[in-house]
Every structure is written in structure tokens, then in C-alpha cells.
Amino acid sequence: MDYDHNKALLLELQRAAGTGNDRCADCGDPDPEWASYKLGIFICLNCSGIHRNLPEISRVKSLRLDFWESNLIEFMRNHGNLWAKAKYEAKVPPYYYIPKSHDCLVLRQQWIRAKYERGEFLDTGVCHDPCSAGSREGCLWKLGKGRRHFQKRQFLLSAKEGLMKYYTKESKAPKAVISIETLNAMFQVEKIGHNHGLQITYITDGQTRNLFVYHESGKEIVDWFNAIRAARYHYLRTTFPNVPEPELIPRITRRFVKEGYMEKTGPKQKEAFKVRWFCLDSQERNLLYFKNPLDAFAQGQVFIGRRDEGYEVRDDLPQKVWVKKKKPVITLVTPAREFVFICDNDRQQKEWMDALNGVITQL
């Protein structure tokens, strides 16, 4: 009797309006089915796994499968997600990346640890300004030439100077000096093959340059990521002082909206199709293609304008173009030429067409 009654009370609390309990306290996923009875928050299955590894600060139970004592129900009633947010997220800096359910594990782990274990965002904590938070120095493992080995390199980030540099062991001068104006960072766990893999991109001599790095410590790599975001935020806030904050935040760092293999032919559309790795950057409106996913430089890129400027995506071939393979195709129409791509299957074709159309239709 108590089991069913208490479960009903708990599910009522989870659905209660004005509590924030209807979404995971950590990643925002809807309808969380787990809870931390030590913190008084409702969380999703994935975040509950992270909490389970923090027994000193959090203890979890299933809302439906576990028995809840009456005193725990009362504790949950007196706390809840909005209460926890006001306490543990009181001073989250505007540049700090708050992960969602689709983000990689290390981002979600460090967000949860930063909140509850280290108390980084408590009201009593110190909130560092973007200029100081965007300054960092330390070693990262960087993928070297030939994509065979990672080598330890010294990195220096300075929001005040507007630069990021890295050094090899042999040279006193920096191997590269990177402007924060074009600097970007995104986690690429699968591509790099490491749970803490980070891809850093920037523009040099008019070309997009990729650096692939990692650190053994999850905290260290996430701290680097947020330091880059702090430096970028400082640059954007200083350069565009009149731009509203909600418009500025999405431009701090960005992910590619779509990545993957397709085949492409040359400008005459008579050349043999070759497999290439494509990355779609919606913010810069560029479709970049590489021979290999971990190449430092792209083999080329296609700018994607708006529909009223003559850009279009079709699911058929241009006239007089013929392909041997009976696979789905995409034709990207630009004012200068038509680009033809071959996909492995219908699902891949649809995903790429949706992504490309998303860029063409954005303002």
C-alpha cells in the first residue's frame, strides 16, 4: 500500500507545475524517471549513471522501480529542480557551456561534478571575468603529421592578447599563433578516438586549419574548452558591444551541423567519383571536404548562400551527367556551378539534404 501510494506521490511531484521537475535537472531531457534523494532533484537515466559514481554527494533511485520512504518523499517535496538550480547554478558564467543530453559524456560528467562536487557556481563562489577566465597555459596531446601519433605540446591562451599559441619541444618560438577572432572548438570523441577528444579550428592564410587534441583528465579538457569559450566571449563582447547577449552566446563556439562521407566528382562532372569526408558549418555557410576526417586542411570548400541568391539542393542529377552506381544522389546548385554527390543510402541522402536546405533557408 505504502509502495503504490508513495510512488503516486513521487510521480505527482515530478509532474508538478512550477517545480522544473518535469525535465532532467542536469541535461534538460523531458520526463526524468530517476531522482537523487540526497540532492532532491529529478534526473534522467543517463545523468543518473553519472550521479551513481558520486556516492558521497548523490544517491539515486528509480521513480517507478524502487521503494521510496515517506521521509524521502517529503525531502523531494521541499527541494526539487528549481530549488537546486537556484542554489547550484547561481553563478554560471555566460560563456560556460551547459551540456544537453546529446553532448558527449565528458561534458555532462564535468558539468555535474562542477555543480555538486566542486560547487563552482554557488552564490558564495567567485565569478571570474571573461578576460581572466580566457587565459590558460598547459600541455595537451596534439595529433601530429601523418595522423599517426599524438605529441605533447604546450598551449597558451590569452584573451587579453586575443591569441592562442602552441609550442613544440624543439622551438622557443610558437609553432602557430592563432587569432581568437576565428578560433573555434568542439568535442569530437568518435572522430578522434578518445573520450576527451577536442577539435580546434581556425583560419590561417584563408584556409581552415584543424588541430586535434586531448588530455587524460576530463576536468582539464573541459576547462580548456570553457577557457576558449571565455576568450571568445571576451572578444565578441568587446568587438560587438551593442549585440544582445542571446544573439552573442550561440556564436561563441559551434559544432558542425552535419559530418560524414559522401562521394564527389570534379568541376567537369566527368571525373571519377572519390570518397571524401564532409563537414557542414552552418554559421560560416561552408561545406568543407577532406580526404580523411583527421586532415589538418580541407581539400576544398563550397560557400552556401540563400535560395534567392541562386542556391538550391536537388535529389537528381544535372542534365548530361551519368553515374554507374545506382545510389542516391544530391546536386548542390550554386550560381557558379553544380556540385554532384553520391550517398550510400536514402537515409544519408535525406539527412544531408535537410542539413543543406537548413543553411540555404537561414537568414
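Keep in mind that this is a model prediction, so the values were computed, not measured.
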Engineer: Does the pair Lys100 and Cys27 meet the rule for a side chain to side chain contact (heavy atoms under 4.5 Å, CB included), with working shown?
Structural biologist: CA-CA 5 Å; Lys100 303 300 181 188; Cys27 74; 5.5 Å; no
Engineer: Verify, without hydrogens or angle tests, whether Thr331 (side chain) and Asp316 (backbone) share a donor-acceptor contact under 3.5 angstrom.
Structural biologist: yes
Engineer: Do Leu294 and Val275 share a hydrophobic cluster (ILVMFWY, side-chain heavy atoms under 4.5 Å, transitive)?
Structural biologist: no
Engineer: Between His51 and Asp26, is there a side-chain heavy-atom distance shorter than 4.5 Å?
Structural biologist: yes
Engineer: Between Tyr95 and Arg237, is any pair of side-chain heavy atoms under 4.5 Å apart?
Structural biologist: no
Engineer: Once you round to the nearest 0.5 Å, how far does CG of Leu317 lie from CD1 of Ile330?
Structural biologist: 11.0 Å
Engineer: Kindly write out the residues that satisfy side chain to side chain donor-acceptor pair (under 3.5 Å) with Glu69, not counting sequence neighbours, or none if the list is empty.
Structural biologist: Lys61
Engineer: Taking the side chain as everything from C-beta on, heavy atoms only, tell me whether His234 gets closer than 4.5 Å to Lys160.
Structural biologist: no
Engineer: Using the salt bridge (charged side-chain N to carboxylate O under 4.0 Å, His left out) rule, collect all pairs that involve residues 352-363, keeping only residues at least two apart or in two chains.
Structural biologist: Lys350-Asp354
Engineer: Which pair of non-hydrogen atoms, one from Arg337 and one from Gly266, has the smallest distance, and what is that distance?
Structural biologist: NH2-O, 3.4 Å
Engineer: What closest approach, in Å, do Pro318 and Glu338 show between heavy atoms, and which atom pair accounts for it?
Structural biologist: CB-OE1, 3.0 Å
Engineer: Between Gln348 (side chain) and Asp344 (backbone), is there a donor-acceptor pair under 3.5 Å?
Structural biologist: yes
Engineer: So Asn81 and Arg23, do their side chains get closer than 4.5 Å, heavy atoms only?
Structural biologist: no
Engineer: Sub-3.5 Å donor-acceptor pair from the side chain of Asn210 to the main-chain atoms of Asp295, do we have one?
Structural biologist: yes
Engineer: Test the Arg209-Phe297 pair against the cation-pi criterion, namely NZ or CZ under 6.0 angstrom from the six-membered ring centroid and within 45° of the ring axis.
Structural biologist: yes
Engineer: Under 4.0 Å between a side-chain nitrogen and a carboxylate oxygen: does that hold for Glu120 and Arg113?
Structural biologist: no
Engineer: Which pairs pass side-chain hydrogen bond (donor to acceptor under 3.5 Å, both in side chains) with one or both residues in residues 283-292, sequence neighbours excluded?
Structural biologist: none
Engineer: Could you state the interatomic distance from CH2 (Trp141) to NZ (Lys152), rounded to the nearest 0.5 Å?
Structural biologist: 5.5 Å
Engineer: Within a 6.0 Å radius of atom CG on Asn195, are there more than 12 heavy atoms belonging to other residues, nucleotides or ligands?
Structural biologist: no
Engineer: Rounded to the nearest 0.5 Å, how far does CD1 of Ile112 lie from CD1 of Ile57?
Structural biologist: 9.0 Å
Engineer: Taking ring-ring contact (aromatic ring centres under 6.0 Å, His included) as the test, write out the residues that go with Tyr166, two or more places apart.
Structural biologist: Phe155
Engineer: Test of understanding: with side chain to side chain donor-acceptor pair (under 3.5 Å), list the residues that count as partners of Asp205, not counting sequence neighbours.
Structural biologist: none
Engineer: Give a yes or no on this: more than 12 heavy atoms of other residues, nucleotides or ligands lie within 6.0 Å of atom CZ of Arg251.
Structural biologist: no
Engineer: Evaluate the side-chain proximity of Tyr214 to Phe187: yes if any heavy-atom separation is below 4.5 Å, no if none is.
Structural biologist: no
Engineer: Heavy-atom distance under 4.5 Å between the side chains of Lys38 and Tyr116, does that happen here?
Structural biologist: no
Engineer: Would you give the length of the straight line joining atom CG of Asp31 to atom SG of Cys44, rounded to the nearest 0.5 angstrom?
Structural biologist: 11.0 Å
Engineer: Tell me whether the count of non-hydrogen atoms from other residues, nucleotides or ligands lying under 6.0 Å of CD in Glu117 goes above 12.
Structural biologist: yes
Engineer: Between Arg15 and Asp22, does any NZ, NE, NH1 or NH2 come within less than 4.0 Å of an OD or OE carboxylate oxygen?
Structural biologist: no
Engineer: Verify the neighbour count for atom CD of Glu12: are there more than 12 heavy atoms of other residues, nucleotides or ligands below 6.0 Å?
Structural biologist: no
Engineer: Would you say Asn6's side chain and Trp68's backbone share a donor-acceptor pair under 3.5 angstrom?
Structural biologist: yes
Engineer: Arg307 and Thr361: which non-hydrogen atoms are nearest, and at how many Å?
Structural biologist: NH2-CG2, 3.9 Å
Engineer: What pair of heavy atoms forms the shortest contact from Lys191 to Cys279, and how long is it?
Structural biologist: NZ-SG, 4.2 Å
Engineer: Please step through side chain to side chain contact (heavy atoms under 4.5 Å, CB included) for the pair Trp224 and Arg136, ending with a clear verdict.
Structural biologist: CA-CA 7 Å; Trp224 266 104; Arg136 191 171 186 84; 3.6 Å; yes
Engineer: Judged by atom type as modelled, is there a donor-acceptor pair below 3.5 Å linking the side chain of Arg108 to the main-chain atoms of Asp103?
Structural biologist: yes
Engineer: Trp352 and Ile360: same hydrophobic cluster, using ILVMFWY side-chain contacts below 4.5 Å?
Structural biologist: yes
Engineer: Is it the case that atom CZ in Arg306 sees more than 12 heavy atoms from other parts of the structure closer than 6.0 Å?
Structural biologist: no
Engineer: Verify the neighbour count for atom NE2 of His102: are there more than 12 heavy atoms of other residues, nucleotides or ligands below 6.0 Å?
Structural biologist: yes
Engineer: Search all heavy atoms of Ile50 against all heavy atoms of Leu105 and return the closest pair with its distance.
Structural biologist: CD1-CD1, 4.0 Å
Engineer: Do the side chains of Phe339 and Leu287 get nearer than 4.5 Å, heavy atoms only?
Structural biologist: no
Engineer: Output yes when a side-chain donor or acceptor of Trp83 lies under 3.5 Å from a complementary backbone atom of Ile41, and no otherwise.
Structural biologist: no
Engineer: Does a sphere of radius 6.0 Å around CD in Glu271 hold more than 12 heavy atoms from other residues, nucleotides or ligands, not counting ones at 6.0 Å or beyond?
Structural biologist: yes
Engineer: Kindly give the heavy-atom pair with the smallest separation between Glu245 and Pro94, and that separation in Å.
Structural biologist: OE2-CB, 3.4 Å
Engineer: For Gln110, give me all partners under side chain to side chain donor-acceptor pair (under 3.5 Å), at least two apart in sequence or on another chain.
Structural biologist: Arg118
Engineer: Could you give me the CA-CA distance, side-chain angles and deciding distance for Thr19 and Phe42, then say whether side chain to side chain contact (heavy atoms under 4.5 Å, CB included) is met?
Structural biologist: CA-CA 10 Å; Thr19 62; Phe42 293 81; over 6 Å; no
Engineer: Between Tyr202 and Thr182, is a side chain to side chain contact (heavy atoms under 4.5 Å, CB included) present by the stated rule, with each step listed?
Structural biologist: CA-CA 5 Å; Tyr202 61 96; Thr182 65; 3.8 Å; yes
Engineer: Taking the six-membered ring for Trp, are Phe240 and Tyr235 parallel (under 30°), tilted (30 to 60°) or perpendicular (over 60°)?
Structural biologist: perpendicular
Engineer: Nearest 0.5 Å please: distance from the CD1 atom of Ile180 over to the CZ atom of Arg232.
Structural biologist: 8.5 Å
Engineer: If you group Ile, Leu, Val, Met, Phe, Trp and Tyr by side-chain heavy-atom gaps below 4.5 Å, do Val213 and Ile178 land in one group?
Structural biologist: yes
Engineer: Trp111 and Tyr88: aromatic ring centres closer than 6.0 Å?
Structural biologist: no
Engineer: Within the structure provided, determine whether Ser101 and Asn46 are in side-chain contact (heavy-atom separation under 4.5 Å).
Structural biologist: no
Engineer: Verify, without hydrogens or angle tests, whether Arg59 (side chain) and Pro55 (backbone) share a donor-acceptor contact under 3.5 angstrom.
Structural biologist: yes
Engineer: I'd like to know if Trp277 and Phe273 are part of one continuous hydrophobic network [Ile/Leu/Val/Met/Phe/Trp/Tyr, side-chain heavy atoms within less than 4.5 Å].
Structural biologist: no
Engineer: In Å and rounded to the nearest 0.5 Å, what is the CG to CD1 distance from Leu107 to Ile221?
Structural biologist: 10.0 Å
Engineer: Hey, any chance Leu236 and Ile249 share a hydrophobic cluster, counting ILVMFWY side chains that come within less than 4.5 Å of each other, even indirectly?
Structural biologist: yes
